[in-house]
Amino acid sequence: MPLHAAQLTVELADGTHTWDTAQLLSHPQARDIDIPGDVSYKRDMHYRAVPVSVLLEGVSSDAHLQAVATDGFAAEMPAAPLLQKTGSQAWLAVEDPAHPWPGLSKDKPGAGPFYLVWTDPAASRISPEQWPYAVGKIRLLASVAERFPALLPDPNLSADDPVNKGFALFQKNCFACHRLNGAGDSQLGPDLNIPHSPTEYFAGDYLKLYIRDPQNLRQWPQAKMPAISKDVLSDEELGQVVSYLKHMAGRNTSAP
């Protein structure tokens, strides 16, 4: 069956803007780009795309945005990288209904209709969670800490405490799929503190092994969680994420 044109909603301070497939494909700043080793397709890809910065006119670099996918994935993204015009640059790839993209895997649809991709992602250490596909909406929001205080560690911890560093990494690498303490917008993965933290039921280093490659610990053909390599989270950073989860186990909002 042929694809139909889609619509992207962009919610900013000055109101809601809508762009349909045809408008984006013919946008004056649209261009053809090549993405080596595309994160989702795991191979080189070619797209017609628009710089994300042109869709975020008036947004300041210290703002916070969220890209919402049709499957419930909700990527929390600081505005600064999205607005960059050098180094790592964000692009909204637009699927042409006349030339649909391939499926992401067997029996799985493609990344369309809109897919946020990056050129030179290594320059700003762009994580896989910052490549949302099947995007339907981009919206300007308050920061995660402002919107979801249930995620916050003990305020008495220093800014450079491993727990606070882990909280920042959790937002970048985990929060797009998971909630914690019931807080969050994603509907894709399980809550990581209610009813229990995984740090309470994964013995020893098994939680770290699971995060590194879920299929090596628990094989499940329908599993959606990807392996998180050392290129994405170093061993030190992974330890910080686990420190945050352990800390938050003691701040479980469902506990009596």
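When a residue number appears, it is its place in the shown sequence, counting from 1. Basis for what follows: all heavy atoms, side chains included, without hydrogens, waters or symmetry-related copies.
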Could you tell me which non-hydrogen atom of Ala145 sits nearest to which non-hydrogen atom of Leu152, and how far apart they are?
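The pair with the smallest heavy-atom distance is CB-CD2, 3.7 Å.
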
Glu237 and Val232: which non-hydrogen atoms are nearest, and at how many Å?
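For Glu237 versus Val232, the nearest heavy atoms are OE1-O, 3.9 Å.
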
Is there a path of hydrophobic side-chain contacts, each under 4.5 Å between heavy atoms of I, L, V, M, F, W or Y residues, that connects [X] with [Y]?
{"X": "Leu83", "Y": "Ile33", "result": "yes"}
{"X": "Trp91", "Y": "Leu24", "result": "yes"}
{"X": "Leu8", "Y": "Val59", "result": "yes"}

With Asp38, the side-chain contact (heavy atoms from CB on, under 4.5 Å) member among Trp118, Tyr133, Trp131
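One option only clears the test, and that one is Trp131.
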
Using side-chain contact (heavy atoms from CB on, under 4.5 Å) as the criterion, point out the one residue from Leu207, Leu233, Ile228 that pairs with Val241.
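The option that passes is Leu233.
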
Flag side-chain contact, heavy atom, 4.5 Å: Leu65 against Leu141:
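Leu65 vs Leu141: side chains apart.
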
Are Ile194 and Asn181 packed together at the side-chain level, in the sense that at least one heavy-atom pair is separated by less than 4.5 angstrom?
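With C-beta onward as the side chain, the pair touches.
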
Can you confirm whether or not the ring centre of Phe148 sits under 6.0 Å from the ring centre of Phe175?
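Yes, ring centres under 6.0 Å apart.
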
Flag the pair Tyr47 / Trp101 as yes when their ring centroid distance falls below 6.0 Å, and as no otherwise.
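Yes, ring centres under 6.0 Å apart.
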
Separation of [Y] [atom2] from [X] [atom1] (nearest 0.5 Å):
{"X": "Gln29", "Y": "Ser53", "atom1": "CD", "atom2": "OG", "result": "7.0 Å"}
{"X": "Glu95", "Y": "Leu25", "atom1": "CD", "atom2": "CG", "result": "10.0 Å"}
{"X": "Leu12", "Y": "Glu57", "atom1": "CG", "atom2": "CD", "result": "9.5 Å"}
{"X": "Gln215", "Y": "Met225", "atom1": "CD", "atom2": "CE", "result": "11.0 Å"}

Do the side chains of [X] and [Y] get close enough for a salt bridge, i.e. N-O under 4.0 angstrom?
{"X": "Arg179", "Y": "Asp191", "value": "no"}
{"X": "Asp235", "Y": "Arg212", "value": "yes"}
{"X": "Lys137", "Y": "Glu11", "value": "yes"}

Output all residues satisfying ring pair (Phe, Tyr, Trp, His ring centres under 6.0 Å) with Phe167, sequence neighbours left out; order by chain, then residue number.
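Listed in chain order: Tyr244.
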
Does the side chain of Ser197 come under 3.5 Å of the side chain of Glu200 through a donor N or O and an acceptor N or O?
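The answer is no; no qualifying pair exists.
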
Side-chain donor-acceptor contact under 3.5 Å, His196 with Asn193
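Judged by distance alone, the side chains do not pair up.
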
Suppose the criterion is side chain to side chain donor-acceptor pair (under 3.5 Å): which pairs have a residue in residues 61-76, not counting sequence neighbours?
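Sorted pair list: Ser60-Asp62, His64-Glu76, Gln66-Glu76, Gln66-Arg139, Gln66-Asp185, Glu76-Arg147.
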
For residues 161-170, which residue pairs pass the side chain to side chain donor-acceptor pair (under 3.5 Å) check, not counting sequence neighbours?
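Every candidate side chain to side chain donor-acceptor pair (under 3.5 Å) pair involving residues 161-170 fails, so no pair, neighbours aside, qualifies.
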
